[in-house]
S.K.: 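After the structure tokens below, expect a handful of questions from me.
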Amino acid sequence: MLANLPAVPDLHNNGLPSSDTNASLPISSVVNLDRGDTVLLESYWRKMSDECTVVIKGWEFLSYASDLRSVCWFMTPELRHAIKRLHALVGNAETHDKHIVIGNGSTQLFQASLFALSSSSSSSLSPADIPMNVVAAAPYYSGYPVETDIVRSSLYRWSGDALKYDKNEAYIEIVTSPNNPDGSIRRPMVNNKCGGEGKLIHDLAYYWPHYTPITHKANHDLMLFTFSKCTGHSGSRIGWAIVKDIEIAKKMTTFIVMNSIGVSKESQTRAAKIMKVVCDSYENFRFGSKESVELFFEYSRRLLKERWEKLREVIKQSDDFILPKFQRAYCNFTNESSETYPAFAWLMCEKDQDCTSYLDKEMKVLARSGNRFGCDPRYARINMLTRGDDFDEFLKRLSDIKDLSCQM
Ligand SMILES: Cc1ncc(COP(=O)(O)O)c(C=O)c1O
């Protein structure tokens, strides 16, 4: 059955056995760096195990509802407060005078956004019988095309690369910044000269200080964030949208109610607790407490930086691959100039027209092909947030390949 599933978002391992339990990998085993799983940060949460423990009693959370005064009535006030506090701490998004809608991951919110934006469109460029075009500049996150088209909606349809969009029709552009897969900082790309009327979804899943300098407070009409990429808790399935227009927020809420009648309160409680622990530790630090555990974003950034430096070192010795370079920028959160350390490495293969099959054939490393991101198969995406054993084994196999090609 699994093999028949469409190649949907980052989590599916395409039916292959998980490498989670591999302590040391024999060369014959596959290293799976295709998935977008976020287990790198597990080591931090192990250190914070007691602080983050949540106890839920048998009588709690029986109701679907949480706060009937809020547009998103199934969101707990604790989670709303924690989300606002986290953004205020990091300074990455404006939440003042905005509505927050939560979903089962930002995957559900993405679909809720498409529904809300396309069903609210009343322009002559989007007559009722023409689905709105959904575009993103390539390389775009591989989940967008399949998530857009899965139900073959009559309201919207996937229309590919935003840079090639030339229809005189209404469209929705997804702006992912920093971008998955290539880590680039982005702005809207559709060339508006073609006259189409556009709406924007800003997917800011990776706009957190461990991945990129926080250069400004994002203040767009519809912004998506996810607990998965912020703290690494993908399994809790919590995402949130920050929405300017109350009518759009209401429609998104309706979509989620029709889809899953809200979001698990157990997950909401856990997410609120973890966000509170992050915020409290920064506050305590600012008030002079000498905490023995490193602060969350500093710790995560350090791990990612170490991985990127090791990878760049190995790639430097190789004639086979090229990695993107990133400009330094001043981070308002850390108050220093810093580099970008994306969650994925976007590898370009010089040796082969097909980077994924080269990695698979030569190293038994599974990566996600560039063509899944609307791009050339010479590119492949490598997950940088994977388990340490898998990452180290990947580096070892990369170095071995390099040594082999030197001997030839
Ligand atoms: C850019 C982007 N948006 C959304 C998602 C989905 O996140 P969630 O786990 O919240 O559904 C991902 C997951 O990899 C992503 O990379």
Side-chain angles (χ1 to χ4, degrees), residues 7-14 32-41 75 79 83 86 92-93 100-114 134-148 150 158 162 172-186 200-208 210-212 218 220 222-242 252 255-256 259-260 263-264 267-268 270-271 274-275 304 340-346 367-368 372-375 381-386:
V8 263
D10 281 345
L11 284 186
H12 295 272
N13 70 352
N14 303 328
N32 190 338
L33 304 178
D34 175 339
R35 291 170 291 168
D37 232 345
T38 49
V39 285
L40 166 77
L41 305 178
M75 173 169 56
L79 182 56
I83 289 170
L86 187 61
N92 59 344
I100 297 180
V101 180
I102 56 160
N104 289 285
S106 80
T107 298
Q108 193 184 32
L109 287 164
F110 170 66
Q111 296 176 52
S113 311
L114 296 183
V134 180
V135 296
Y140 41 71
Y141 168 45
S142 51
Y144 296 144
V146 269
E147 287 165 28
T148 304
I150 185 134
W158 178 249
I172 298 171
E173 180 177 356
I174 313 148
V175 181
T176 310
S177 186
N179 190 38
N180 173 1
D182 65 358
S184 60
I185 300 300
R186 291 191 152 186
L200 300 175
I201 298 173
H202 278 83
D203 186 341
L204 305 183
Y206 302 96
Y207 191 42
W208 294 102
H210 32 342
Y211 304 116
T212 191
H220 307 288
L222 202 171
M223 302 183 275
L224 301 181
F225 286 93
T226 166
F227 195 40
S228 307
K229 309 298 175 180
C230 171
T231 62
H233 293 84
S234 327
S236 294
R237 309 305 305 126
I238 293 286
W240 62 97
I242 304 175
M252 290 177 71
F255 180 92
I256 290 175
N259 222 251
S260 54
V263 175
S264 154
S267 281
Q268 293 192 49
R270 180 164 189 239
I274 285 172
M275 290 177 193
L304 264 165
T340 291
Y341 303 108
F344 301 100
W346 187 231
R368 191 166 294 187
R372 293 272 306 280
F373 302 90
C375 194
R381 193 195 74 172
I382 298 286
N383 182 12
M384 295 294 284
L385 305 179
T386 190

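Computed from a prediction, not measured in an experiment: that's the story for all the values here. In each ligand, atom 1 is the first atom listed, and ligand 1 is the first ligand listed.
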S.K.: Parallel under 30°, tilted from 30 to 60°, perpendicular over 60°: which one fits the rings of Y140 and W158?
M.R.: perpendicular
S.K.: Measure the distances from the heavy atoms of Q108 to every atom of ligand 1 and state whether one is below 4.0 angstrom.
M.R.: no
S.K.: What are the atoms of ligand 1, with element, lying closer than 4.0 Å to any heavy atom of K229?
M.R.: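 Answer for ligand 1: 13 (C), 14 (O).
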S.K.: Looking at Y211 and K229, would you say the former's side chain and the latter's main chain have a donor-acceptor pair under 3.5 Å?
M.R.: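 It does hold such a pair.
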S.K.: Looking at CZ of R381 and CG of D34, how far apart are the two atoms once the value is rounded to the nearest 0.5 Å?
M.R.: 7.0 Å
S.K.: Would you compute the distance between atom CZ of R368 and atom CD1 of I382 and round it to the nearest 0.5 angstrom?
M.R.: 11.5 Å
S.K.: Under 4.0 Å from any heavy atom of N180, which atoms of ligand 1 are there?
M.R.: 15 (C), 16 (O)
S.K.: Answer yes or no for Y206: is there a heavy-atom contact with ligand 1 below 4.0 Å?
M.R.: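 Yes, that is the case, since the closest heavy atom of the residue is under 4.0 Å from the ligand.
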S.K.: Just how far is it from atom CD1 of I174 to atom CG of N179, taken to the nearest 0.5 Å?
M.R.: 10.5 Å
S.K.: Could you give the distance from CZ (F225) to CG (L109), rounded to the nearest 0.5 Å?
M.R.: 12.0 Å
S.K.: Who's closest to atom 9 (O) of ligand 1 heavy-atom-wise, of S234, S228, A136, G235?
M.R.: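 Selected option, by shortest heavy-atom distance: S228.
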S.K.: Got an N/O contact under 3.5 Å between N104 and ligand 1?
M.R.: no
S.K.: What atoms in ligand 1 come closer than 4.0 Å to a heavy atom of D203?
M.R.: 1 (C), 2 (C), 3 (N), 4 (C)
S.K.: Short list, please: which atoms of ligand 1 are under 4.0 Å from a heavy atom of R237?
M.R.: 8 (P), 9 (O), 11 (O)
S.K.: To the nearest 0.5 Å, what is the distance between CG on L33 and CG on L385?
M.R.: 11.0 Å
S.K.: Does T107, backbone or side chain, put an N or O under 3.5 Å from an N or O of ligand 1?
M.R.: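 Yes, there is a polar N/O contact under 3.5 Å.
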S.K.: May I ask you to check if ligand 1 and T176 share an N or O to N or O distance below 3.5 Å?
M.R.: no
